[in-house]
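Data first, discussion second: the structure below is written as structure tokens.
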Amino acid sequence: MATNVTITLPALRARLRAGASARDAVFLQRFFKTGPGEYAAGDRFLGVRVPATRRLVREFRALPLADTRKLLRSPIHEERLLALLLLVAAYDRGSAAEQETIYRLYLANTRFINNWDLVDTSAPGIVGRHLATRPRNILFQLAQSPLLWDRRIAVLATFYFIRQGEFSELRQLAERLLTDPHDLIHKAVGWMLREAGKRDETMLRKFLTQHAHQMPRTMLRYAIEKLPPAERQRWLHAPPLVGVQASACSGGGTR
């Protein structure tokens, strides 16, 4: 780690750009769907890989929150990612008052948390963690938002609860998002169902019994990925409703 680092926003931006690669920028802009009509249309990349971005978090952990907010509103993807990583780290070590401030800042700026990697690296550790001991109604408000990223934040926030063995909010959100039009929500819901199922297969099978016939194919494939191969095939190929019930009754409904 560098010593005698100047903790300013210009210094941080200079350090970030020092790790940039034009070739990586081209690759990342394709990978993150920044073309016209795609979900991240117009986003800009420096070409800095995630490990290099993460290395700056500890070094610049004392960056003032006002500067982190400016970074979060940057048109540059890696700057927004770095801002979110700084916010997660600050939340982790902050006082109750500081955590409340970070949580509110986060929700006030979700339009800038506008790609799946930005959501996935921050929503569990800020929104999920903050709501662990508080009412969780905000998740259902976010799930109704016309903004794709709000809906994904709602789903990914449940990852924190899932790790604590709590699945209620995930089940409710998954039911509400069965008809969501976007593939990134299908993937997020299926992923969280899979994570819950790794901890409680009975819960996952009950959800599948009730909803597999309604689930978008991507959501279903993600959800069943860790189940035994033969069972995965039953869920994928059984006729709607009748086949789902048969799968649960043939020994897959209990541990």
Side-chain angles (χ1 to χ4, degrees), residues 1-92 105-106 109-126 147-153 155-156 159 181-192 194-195 218 221-222 225:
M1 184 187 301
T3 59
N4 300 318
V5 175
T6 302
I7 308 299
T8 66
L9 186 54
L12 176 53
R13 282 177 160 151
R15 289 293 305 282
L16 187 65
R17 281 158 175 76
S21 160
R23 175 181 290 183
D24 285 347
V26 171
F27 167 78
L28 291 169
Q29 287 185 194
R30 288 198 305 266
F31 182 75
F32 283 105
K33 308 297 184 184
T34 66
E38 295 182 309
Y39 60 73
D43 202 359
R44 294 160 53 190
F45 285 78
L46 296 172
V48 182
R49 295 286 181 162
V50 173
T53 304
R54 287 187 178 276
R55 283 194 291 269
L56 294 174
V57 174
R58 183 176 297 179
E59 190 174 330
F60 285 86
R61 61 183 294 178
L63 188 74
L65 190 60
D67 284 339
T68 304
R69 178 178 174 275
K70 291 177 184 176
L71 201 64
L72 179 58
R73 295 184 167 203
S74 168
I76 303 299
H77 186 99
E78 291 95 337
E79 291 193 350
R80 300 197 305 281
L81 175 60
L82 180 52
L84 291 164
L85 294 171
L86 286 166
L87 288 175
V88 171
Y91 189 98
D92 189 51
L105 184 154
Y106 188 94
N109 290 276
T110 57
R111 67 190 182 279
F112 301 104
I113 308 169
N114 57 351
N115 214 312
W116 57 264
D117 63 319
L118 304 180
V119 172
D120 298 1
T121 57
S122 60
I126 295 178
L147 184 63
L148 164 65
W149 310 114
D150 281 349
R151 304 198 304 276
R152 188 160 175 122
I153 287 169
V155 176
L156 264 292
F159 205 174
H182 207 288
D183 185 64
L184 286 177
I185 300 301
H186 304 168
K187 291 177 179 178
V189 172
W191 174 23
M192 291 301 99
R194 182 181 74 216
E195 291 299 322
T218 296
R221 287 185 179 278
Y222 271 60
E225 186 176 353

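Nothing fancy with the numbering, it's 1 onward along the sequence.
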Given 3.5 Å as the limit, does a donor-acceptor pair link the side chain of N109 with the main chain of L105, or not?
yes
Measure across E78 and G47 and return the closest heavy-atom pair with its distance rounded to 0.1 Å.
OE2-N, 2.8 Å
Candidate pair D24 and V48, rule side-chain contact (heavy atoms from CB on, under 4.5 Å), full reasoning
CA-CA 7 Å; D24 285 347; V48 182; over 6 Å; no
Charged N-O contact under 4.0 Å between R80 and D43:
yes
Check whether any side-chain heavy atom of F60 sits under 4.5 Å from a side-chain heavy atom of T8, and report yes or no.
no
Spacing of D67 atom CG and L12 atom CG [to the nearest 0.5 Å]
9.0 Å
In this structure, CE of M192 is separated from OH of Y222 (nearest 0.5 Å) by 11.0 Å
Closer than 3.5 angstrom, by distance alone: can the side chain of E225 be matched with the main-chain N or O of R194 as a donor-acceptor pair?
no
In terms of heavy-atom contacts, L63 and L9 come closest through CD1-N, 3.8 Å
Exercise: identify the closest heavy-atom pair between R58 and R61
O-CG, 3.3 Å
Salt-bridge test for D120 and R152: reply yes if a basic N is under 4.0 Å from a carboxylate O, no otherwise.
yes
Mind checking whether W149 and F112 have ring centres under 6.0 Å apart?
no
Applying side-chain contact (heavy atoms from CB on, under 4.5 Å) between L87 and each of T68, L71, D92, report the one that passes.
T68
So, does T110 use its side chain to make a donor-acceptor pair with the main chain of I113 at under 3.5 Å?
no
Nearest heavy-atom approach of P36 to A41 is CA-CB, 4.4 Å
Donor-acceptor contact present, side-chain T53 to main-chain R49, <3.5 Å
yes
Looking at R17 and E79, does any basic side-chain N land under 4.0 Å from a carboxylate oxygen?
yes
Between S74 (side chain) and I76 (backbone), is there a donor-acceptor pair under 3.5 Å?
yes
Please check if the side chain of Q29 supplies one atom and the backbone of V26 the other of a donor-acceptor pair under 3.5 Å.
no
Are the side chains of V155 and R151 in touch, meaning some heavy atoms are under 4.5 Å apart?
no
Nearest 0.5 angstrom please: L156 CG to W191 CH2, how far?
5.0 Å
Non-hydrogen atoms of L147 and R111 that approach each other most closely
CD2-CA, 4.0 Å
Nearest 0.5 Å, please: how far is CZ in R55 from CD in E59?
10.5 Å
Let's go through N114 and H77 carefully: what are the C-alpha distance in whole Å and the side-chain angles of both, what is the deciding distance for side-chain hydrogen bond (donor to acceptor under 3.5 Å, both in side chains) to 0.1 Å, and is it a yes or a no?
CA-CA 9 Å; N114 57 351; H77 186 99; 5.5 Å; no
For a 4.5 angstrom cut-off between non-hydrogen side-chain atoms, does Y106 reach I153?
yes
Between K187 and W116, does the side-chain contact (heavy atoms from CB on, under 4.5 Å) criterion hold? Intermediate values first, please.
CA-CA 10 Å; K187 291 177 179 178; W116 57 264; over 6 Å; no
Working to the nearest 0.5 Å, report the span between CZ of R13 and CG of L82.
10.0 Å
Is the F45 ring parallel, tilted or perpendicular to the F32 ring (thresholds 30°, 60°)?
parallel
Measuring from R30:CZ to E38:CD, what's the distance to the nearest 0.5 Å?
11.0 Å
